[in-house]
Amino acid sequence: MVSYILRRLLYAIPILIGVNVITFALFFVVNTPDDMARVHLGVKRVTPEAIVKWKQERGYDKPLLFNENSSGAGKLSDTIFFEKSVKLFMFDFGHSDQGRDIGYDIRTRMWPSLAIALPVFLLGLVAYIAFALLMAFFRATYIDFWGVVLCVAMMSISGLFYIIGGQYLIGKLWNLVPISGYDGGLDAFRFLLLPVLIGVVSGIGSNARWYRTIFLEEINRDYVRTARAKGLSEMRVLFRHVLQNALIPILTGVVVVIPLLFMGSLITEAFFGIPGLGSYTIDAIQSQDFAVVRAMVFLGSVLYIIGLIMTDISYTLVDPRVRLE
């Protein structure tokens with residue numbers, strides 16, 4: 001197992017290098033540092049002196065890949081690529097184009113993102129599996145039929161409808177919770193209740209229908225018919241056999257999402273004014289702060305690879321065949 005994890009970690013290195021190189025090329029080849037300076041200073045009436053000063057203040061005045069004016073290792077290290085991209089592998093995110101410490105912002109903003117994403121993940125997982133098991137237990141009945149109709153209807157509605165409708169109905173008409181904003185401590189509960197509720201409800205359609213499909217595939221297998229032939233009740237068959245053997249496809253979609261919980265939700269945080277990593281990324285894109293966008297892309301890639309490794313490890317906990325291999 002240890003050697004397998006080490007191999008997966010080694011495989012992740014070229015993936016991260018490729019993501020880093022592509023991101024660097026998109027930001028510094030398609031858009032040169034001069035273009036970045038004009039965007040921040042204003043396209044009109046910007047002087048060459050102002051562009052030079054802006055680049056010097058942010059370290060964009062160096063060569064992209066190779067510095068002929070330096071000696072030794074400085075030819076490669078005293079470049080924009082090393083300063084802005086290679087240091088990301090040491091999780092040195094540097095400073096944003098506005099001068100803020102990106103690492104500090106990430107450490108600060110990850111907690112509001114987790115405060116939303118973790119309850120949505122846990123409560124949603126319980127609700128989706130329970131609803132799917134209900135439809136599978138009453139399969140081929142009116143409960144199953146109307147449950148599928150409800151899932152298809154809910155998954156056909158845009159997520160923005162749930163957000164806007166929830167803000168209008170619960171926040172404005174009923175005035176139960178604030179429409180948007182965020183506060184620390186125990187007061188955060190009032191601000192997080194609505195986005196968490198909307199996050200769970202908006203995912204019922206697609207997730208419950210997917211879990212239902214998985215459970216129905218397991219119900220038709222031979223070991224389930226054998227369990228019924230031994231006299232086991234349908235409830236025991238469903239929870240003791242079907243649910244346990246359906247964990248592998250469930251883990252595939254669940255475990256890989258866990259590391260991405262730190263990244264936050266772009267749309268939810270933007271609409272509810274939550275100061276998390278999702279709104280942090282949106283604000284960086286709108287202000288064209290390329291340093292923050294690069295850091296978030298790299299961090300998202302690292303977390304996604306961690307999620308894939310965690311998924312493979314979780315297989316060994318639920319499937320003895322994987323452990324034997």
Side-chain angles (χ1 to χ4, degrees), residues 12-13 15-41 51 53-65 67 76-118 182 184 188 258-307:
I13 294 177
I15 297 176
L16 290 177
I17 292 176
V19 170
N20 212 348
V21 170
I22 293 174
T23 306
F24 178 82
L26 290 176
F27 281 110
F28 291 103
V29 176
V30 178
N31 292 299
T32 65
D34 289 347
D35 296 331
M36 297 180 189
R38 291 189 183 94
V39 168
H40 285 271
L41 296 174
I51 293 177
K53 181 181 178 181
W54 186 90
K55 291 194 299 182
Q56 289 176 346
E57 291 174 349
R58 292 158 179 80
Y60 291 139
D61 58 327
K62 301 176 181 180
L64 288 179
L65 299 173
N67 194 341
L76 296 177
S77 62
D78 193 20
T79 59
I80 294 179
F81 180 73
F82 185 87
E83 293 290 334
K84 305 299 182 181
S85 293
V86 176
K87 284 188 176 181
L88 291 177
F89 286 93
M90 298 175 284
F91 294 97
D92 182 3
F93 300 111
H95 292 78
S96 67
D97 294 338
Q98 310 298 329
R100 294 181 57 84
D101 186 352
I102 299 177
Y104 174 79
D105 287 342
I106 291 175
R107 292 190 298 271
T108 304
R109 287 174 170 266
M110 64 179 284
W111 299 113
S113 294
L114 281 174
I116 295 179
L118 198 57
Y182 185 76
I258 294 178
L260 298 181
L261 297 178
F262 292 89
M263 299 299 293
S265 174
L266 300 178
I267 298 178
T268 302
E269 292 181 7
F271 270 85
F272 286 98
I274 306 296
L277 292 180
S279 60
Y280 185 52
T281 306
I282 289 292
D283 294 340
I285 294 174
Q286 291 177 344
S287 62
Q288 300 194 30
D289 196 325
F290 302 112
V292 175
V293 177
R294 286 197 312 273
M296 297 306 296
V297 170
F298 179 80
L299 183 61
S301 302
V302 172
L303 293 176
Y304 187 75
I305 291 174
I306 292 175

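In this chain, residues are counted from 1 in sequence order. When reading the values below, keep in mind they use all heavy atoms of this one structure, side chains included, and skip hydrogens, waters and symmetry mates. Remember, predicted model here, so these are calculated numbers, not experimental data.
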Does any pair with a residue in residues 280-301 pass salt bridge (Lys or Arg N to Asp or Glu O under 4.0 Å), and if so which ones, sequence neighbours excluded? none
Any donor-acceptor pair under 3.5 Å linking the side chain of T268 with the backbone of S265? no
All side-chain hydrogen bond (donor to acceptor under 3.5 Å, both in side chains) counterparts of S113, not counting sequence neighbours: E269
Hey, are the side chains of L88 and F93 touching, using non-hydrogen atoms and a 4.5 Å cut-off? yes
Those residues at least two apart in sequence (or on a different chain) that pass side chain to side chain contact (heavy atoms under 4.5 Å, CB included) with E57 are K53
Review item, side-chain donor-acceptor pairs of residues 15-25, under 3.5 Å, at least two apart:
from: N20; atom 1: ND2; to: S85; atom 2: O; distance (Å): 2.9
from: T23; atom 1: OG1; to: V19; atom 2: O; distance (Å): 2.7

Side chain to side chain contact (heavy atoms under 4.5 Å, CB included) between L118 and L261, intermediate numbers included: CA-CA 7 Å; L118 198 57; L261 297 178; 3.9 Å; yes
For the student: nearest non-hydrogen atoms of W54 and P33, plus distance: CZ3-O, 4.1 Å
Could you list the residues that satisfy side-chain hydrogen bond (donor to acceptor under 3.5 Å, both in side chains) with K87, not counting sequence neighbours? E83
Can you list every ring pair (Phe, Tyr, Trp, His ring centres under 6.0 Å) pair that touches residues 278-302, not counting sequence neighbours? F27-F290, F89-F298
Checking L266 now: which residues fulfil side chain to side chain contact (heavy atoms under 4.5 Å, CB included) with it, not counting sequence neighbours? T281, I282
Once rounded to the nearest 0.5 Å, what's the spacing between atom OG of S279 and atom CD1 of I267? 13.0 Å
Salt bridge (Lys or Arg N to Asp or Glu O under 4.0 Å): which pairs involve residues 95-106, sequence neighbours left out? R100-D105
For Q98, all residues meeting side-chain hydrogen bond (donor to acceptor under 3.5 Å, both in side chains), sequence neighbours excluded: none
List the residues meeting side chain to side chain contact (heavy atoms under 4.5 Å, CB included) with P275, not counting sequence neighbours, and say none if there are none. R109, P112, Y182
Between CG on residue D92 and NZ on residue K84, distance to nearest 0.5 Å: 10.0 Å
Between CG on residue L299 and CD1 on residue I106, distance to nearest 0.5 Å: 5.5 Å
Under the rule for side chain to side chain contact (heavy atoms under 4.5 Å, CB included), what residues qualify as partners of D78, not counting sequence neighbours? K62, N67, S70
Inter-residue atom distance L65.CG - L76.CG, 0.5 Å rounding: 9.0 Å
